[in-house]
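Please read the structure below before turning to the comments.
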Protein chains: 2
Amino acid sequence: MSKGNLSPEQRRFIDDLAGLLSAWSMPGNAARLYGYLQMMNEPVSLDDIARDLEISKSNACTAAKVLEEHGNARRLGERGTKRVFYVAGDDPGAPLRKQAQTLGRMAELITARKASVATGAARERMAGLAGFHKALQNAMEAVILPERRQDAA
Amino acid sequence: MSKGNLSPEQRRFIDDLAGLLSAWSMPGNAARLYGYLQMMNEPVSLDDIARDLEISKSNACTAAKVLEEHGNARRLGERGTKRVFYVAGDDPGAPLRKQAQTLGRMAELITARKASVATGAARERMAGLAGFHKALQNAMEAVILPERRQDAA
DNA sequence: TGACATATTCTGCATATCCAGAATATTGAT
DNA sequence: ATCAATATTCTGGATATGCAGAATATGTCA
């Protein structure tokens with residue numbers, strides 16, 4: 001049953017997880033593929049994806065590329081065959097690195113220019129805002145960067 | 001110059017910050033209003049916004065509502081006048097509460113159902129994933145919830 | 001080289017989003 | 001009650017996104 005059609009529970013799980021992932025505005029097909037990969041024990045081909053998720057193969061390809069791009073999935077190049085396989089990414093923090101980096105850039109931007117665009121209380125508010133962004137970046141990176149799995153609290 | 005037209009530096013800052021905010025897929029007008037509010041020392045009216053940001057008043061209204069909805073801006077109701085004023089929100093973490101909450105829900109969803117949708121290594125990967133989400137939620141909330149400004153690191 | 005399997009790109013379409021300006025509603029003053 | 005000022009909602013259009021299926025490209029084996 002690892003590769004055949006999915007069970008109702010599996011389908012429900014995939015859809016529910018995709019619903020939550022939409023909060024990150026991840027496309028529907030990519031979100032469902034994300035949940036699918038998480039529950040698979042072996043690498044899956046585009047045909048597996050298309051069949052189990054009931055989407056066209058071209059969209060399976062596109063969704064897989066999206067996840068690969070974001071670091072949510074890894075592609076296994078094959079020798080001796082053209083078939084590509086995908087597995088869940090081993091570093092769940094990878095997709096968030098860019099966001100953390102953006103936080104840092106916002107902090108820098110605000111810090112660097114606050115004196116030339118604001119005065120008085122606004123300038124102080126902006127200093128606080130930059131500090132907040134920096135603190136959030138640091139907090140996220142403490143969880144994201146290590147690359148080792150974390151234990152739940 | 002607190003209310004008149006903006007200086008070139010201010011315009012540039014607003015646009016640069018809005019560019020970064022697009023990473024959170026915030027609409028352009030709302031993102032620019034966000035930067036505008038941060039640099040203002042006094043509450044601004046919709047007319048101020050429309051004039052300084054060079055957008056229609058209806059969109060100024062919409063953008064303000066978006067920010068208010070997300071907790072990025074606060075509206076000041078007036079007595080004796082119909083005019084509404086907006087100021088930058090005093091809690092920069094407010095917009096991220098929902099995301100942190102979603103992280104928690106993902107952790108719960110995965111924990112609750114992993115046993116019914118996956119076996120073996122996949123089940124363990126999902127346990128690790130849930131732990132990661134929970135850890136990230138905790139890290140974010142440590143910065144977000146306190147409501148006091150943070151100092152930069 | 002030829003035939004086949006597979007991945008990828010292309011095209012069209014349906015949908016959602018965002019914006020501007022017009023139209024409408026709501027509030028305060030006279 | 002009426003008017004003036006303001007906020008809000010309503011239309012339309014332009015743009016972007018995501019999807020399916022067809023068409024194309026690429027690699028593998030005989």
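Throughout, protein chains are lettered first and strands after them, A, B, ... in sequence-line order, and every chain is numbered starting at 1.
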- Message: Quick one, Y86(B) and E68(B) - any side-chain contact, counting heavy atoms below 4.5 Å?
- Response: yes

- Message: Nearest to the side chain of D47(A), heavy atoms from C-beta on, is which of dC19(D), dG21(C), dA7(C)?
- Response: dA7(C)

- Query: Between dC19(C) atom C1' and K57(B) atom NZ, what is the distance in whole Å?
  - Reply: 17 Å

- For A135(B), does its backbone N or O pair with a side-chain atom of N138(B) as donor and acceptor, under 3.5 Å? no

- Message: Given dT9(C), dA22(C), dA7(D), identify the nucleotide with an atom nearest to the side chain of S58(B).
- Response: dA22(C)

- Message: Between T62(A) and N29(A), do the side chains contain a donor N or O and an acceptor N or O under 3.5 Å apart?
- Response: no

- Message: Side chain of R83(A) only, heavy atoms from C-beta on: which candidate in dA20(D), dT9(D), dT6(C) is closest?
- Response: dT6(C)

- Message: I need the CD1-P distance between I49(B) and dT6(D), as an integer number of Å.
- Response: 14 Å

- Message: If you define the side chain from C-beta out and look only at heavy atoms, does anything of E141(A) sit under 4.5 Å from L136(A)?
- Response: no

- Message: Can you measure N29(B) atom CG to dC19(C) atom P for me and round it to whole angstrom units?
- Response: 4 Å

- Atom CG of L76(A) and atom P of dA7(C) are separated, to the nearest Å, by 13 Å

- Evaluate the side-chain proximity of E69(A) to L67(A): yes if any heavy-atom separation is below 4.5 Å, no if none is. no

- Message: Under a 3.5 Å distance rule, please check whether R123(A) uses its side chain to pair with a backbone N or O of A115(A) as donor and acceptor.
- Response: yes

- Query: Quick one, which residues of residues 11-28 of chain B touch DNA chain D with a heavy atom under 4.0 Å?
  - Reply: none

- Report the nucleotide, chosen from dA7(D), dA22(C), dA20(D), that has the shortest atom-to-atom distance to any side-chain atom of V84(B). dA7(D)

- Query: Rounding to a whole Å, what distance do you find between E69(A):CD and dT8(C):C1'?
  - Reply: 15 Å

- Nearest-Å distance for atom pair NZ/P, residues K65(A) and dT8(C): 4 Å

